[in-house]
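Reading through the structure tokens given below for one structure.
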Amino acid sequence: MSEDPDIEIEKLVYGGDGLARLGGRVVMLPFVLPGERVRARVTRARGSYLRAEPAAVTQASPHRETPLCRYFGRCGGCHYQHMSYGEELEQKRLVLREVLRRIGKINYEGDIPIVSGEPWGYRNRIQLHIADRRAGYFQAESRKLCAIESCPVASPALHDAIGKLNSLLPGLPRRELDLELFTSEAEVQVNGPRRLFESLGTPEPIDYDGLRVSRHSFFQVNRFLIPRLVECVLDDAGGAEALDLYAGVGLFARALAARFSTVTAVESGGSSHHDSAANAARSNRPWNPVQSNTEDFLSGWSGAAGFIVADPPRAGLGPAVVRDLLRLRAPRVAIVSCDPSTLARDLAGLSTAYAIRKITLVDLFPRTAHLETVVQLQAL
């Protein structure tokens, strides 16, 4: 094999890499675009698979752009700053279709609309690693620190907090620790050693658009698209009874309660459940918060919900939940997925009882390869 061979990029795959071929072997490499030719520096070989880095782009895509962030390529947070945002959205749609087809054997022919917003300054939550009095993110495919002074995808309040943090670091111990910051822009919540970081914000719950959110509670990270995500999930649903599975602090339950007579919000995490209960208690249209994992709750539930919302973690619904959804056969189900691979698996399992009404890609994570998908299902 010649050193740094010139290869053509066929397509992008889920995770952000480009796929090419060399001598009958598959080559995967980051920070490239379909149709480009690059000189590939092979870094790892295993059977028919090669891992490489782009040593030089010899024929660039017209969609290639100069990254805005000076840490791009070293920091492991972003994957797509080297392309126009419009092209990023189109590539994500193609990747979603490909994963659904390859893993779930789902050849969805309908349109997949994309809900998008401002691709910079959108994150309301960041996790920072601190080591040797420096703070930043981990480097790509590494546990090495990429120290930062700024982050263009972080919200203005978090951008300011990064600056304050860097001013504190010279006086801190050299030990390694992790720090999470969450903001409503009015307040910054700090999840880390209180005595070290009390000047950055508060460890107490904060109010996010009328919802209480505590330090260990799940909440969506894109401050621009949260209302539009809720609209996508609810669609035109309404009626007597709804279930909100993996309910978090009650983001969807609050909206469901305005349209359904009875709403049950199921959440296993203690912090998120307690926030959901507090939010329900102060709502004009309260819902019923239940602390349970979804598998246990559904196995003992025999209600007649007209609409079920499920927003599972990256692992997806899994076989047990799919079986119970098939048993319950609610007229409509909305699935919110952050992983197209597990989504494809779950949709395949539900296909004997449900048809896909609509698939929407909600770009909650611009400049990254992460995909958020909302699927509306209708009982057959």
Side-chain angles (χ1 to χ4, degrees), residues 113-117 122 124-125 182 184-186 205-214 217-269 271-292 294 297-298 301 303-313 317 325 328 330-338 343 357-364 372-378:
I114 299 177
V115 174
S116 62
Y122 67 87
N124 58 29
R125 188 188 299 271
F182 173 67
S184 63
E185 291 304 291
I206 65 173
D207 183 279
Y208 198 106
D209 190 26
L211 291 170
R212 190 183 89 167
V213 184
S214 297
S217 295
F218 171 78
F219 201 75
Q220 300 290 349
V221 303
N222 190 313
R223 67 192 184 102
F224 298 125
L225 294 185
I226 291 172
R228 296 177 68 187
L229 173 66
V230 174
E231 291 172 6
C232 271
V233 171
L234 268 64
D235 198 34
D236 60 353
E241 186 169 7
L243 280 182
D244 182 10
L245 307 176
Y246 316 92
V249 304
L251 176 65
F252 299 129
R254 179 176 64 175
L256 288 166
R259 299 195 189 184
F260 289 83
S261 302
T262 302
V263 175
T264 301
V266 181
E267 170 58 44
S268 62
S271 179
S272 292
H273 165 71
H274 291 310
D275 283 343
S276 178
N279 291 326
R282 66 183 185 179
S283 173
N284 292 329
R285 299 289 299 272
W287 56 93
N288 176 34
V290 174
Q291 184 173 11
S292 171
T294 294
F297 174 83
L298 287 183
W301 196 74
F307 187 50
I308 297 178
V309 173
D311 184 9
L317 300 175
L325 291 178
L328 296 170
R332 290 179 57 179
V333 174
I335 299 175
V336 187
S337 168
C338 60
L343 173 64
R357 290 180 59 244
K358 186 187 300 184
I359 298 178
T360 305
L361 197 161
V362 184
D363 194 36
L364 294 185
E372 193 84 6
T373 310
V374 177
V375 181
Q376 296 286 347
L377 299 175
Q378 183 82 44

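In this chain, residues are counted from 1 in sequence order. Everything numeric here is computed off the predicted structure, so don't read it as measured data.
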For the [atom1] atom of [X] and the [atom2] atom of [Y], what is their distance to the nearest 0.5 Å?
X: Arg357; Y: Arg332; atom1: CZ; atom2: CZ; value: 4.0 Å
X: His274; Y: Gln291; atom1: NE2; atom2: CD; value: 5.5 Å
X: Glu185; Y: Tyr208; atom1: CD; atom2: OH; value: 7.5 Å
X: Ser292; Y: Leu245; atom1: OG; atom2: CG; value: 10.0 Å
X: Leu317; Y: Ile335; atom1: CG; atom2: CD1; value: 5.0 Å

Using 30° and 60° as the class limits, which term best fits the ring planes of Phe307 and Phe260: parallel, tilted or perpendicular?
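Judged by the thresholds at 30° and 60°, the geometry between Phe307 and Phe260 is parallel.
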
Identify the heavy atoms of [X] and [Y] that sit nearest to each other, and give their distance.
X: Arg254; Y: Asp209; answer: NH1-O, 2.8 Å
X: Ala265; Y: Ser276; answer: CB-OG, 4.2 Å
X: Pro227; Y: Phe224; answer: CD-O, 4.1 Å
X: Ile226; Y: Asn222; answer: CG1-O, 3.1 Å
X: Thr360; Y: Cys232; answer: CG2-SG, 3.8 Å
X: Leu343; Y: Ser337; answer: CB-OG, 3.3 Å

If only atom types and distance count, is the side chain of [X] paired as donor or acceptor with the main-chain N or O of [Y] below 3.5 Å?
X: Arg285; Y: Ala257; result: yes
X: Asn124; Y: Gln220; result: yes
X: Arg228; Y: Ser116; result: yes
X: Glu241; Y: Thr264; result: no
X: Glu372; Y: Asp363; result: no
X: Asp311; Y: Tyr246; result: no
X: Arg259; Y: Ala237; result: yes
X: Gln376; Y: Ala334; result: no
X: Asn279; Y: Val249; result: yes

Single hit among Ile308, Leu325, Val333 for side-chain contact (heavy atoms from CB on, under 4.5 Å) with Leu377
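When side-chain contact (heavy atoms from CB on, under 4.5 Å) is applied between Leu377 and each of Ile308, Leu325, Val333, only Val333 qualifies.
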
Establish, from distance only, whether the side-chain atoms of Ser217 and Ser271 form a donor-acceptor pair under 3.5 Å.
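There is such a pair (donor and acceptor under 3.5 Å, judged by atom type) between the side chains of Ser217 and Ser271.
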
For Asp236, does the CG atom have more than 12 heavy-atom neighbours from other residues, nucleotides or ligands under 6.0 Å away?
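More than 12 within 6.0 Å, yes.
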
Non-hydrogen side-chain atoms of [X] and [Y] separated by less than 4.5 Å:
X: Glu267; Y: Pro289; answer: no
X: Asp244; Y: Trp287; answer: no
X: Leu234; Y: Leu256; answer: yes
X: Val115; Y: Glu231; answer: no
X: Leu298; Y: Leu243; answer: yes

Check against side chain to side chain contact (heavy atoms under 4.5 Å, CB included), Phe252 and Val336
CA-CA 11 Å; Phe252 299 129; Val336 187; 4.3 Å; yes

Between Val230 and Leu251, is a side chain to side chain contact (heavy atoms under 4.5 Å, CB included) present by the stated rule, with each step listed?
CA-CA 8 Å; Val230 174; Leu251 176 65; 3.8 Å; yes

Please step through side chain to side chain contact (heavy atoms under 4.5 Å, CB included) for the pair Asp275 and Leu211, ending with a clear verdict.
CA-CA 8 Å; Asp275 283 343; Leu211 291 170; over 6 Å; no

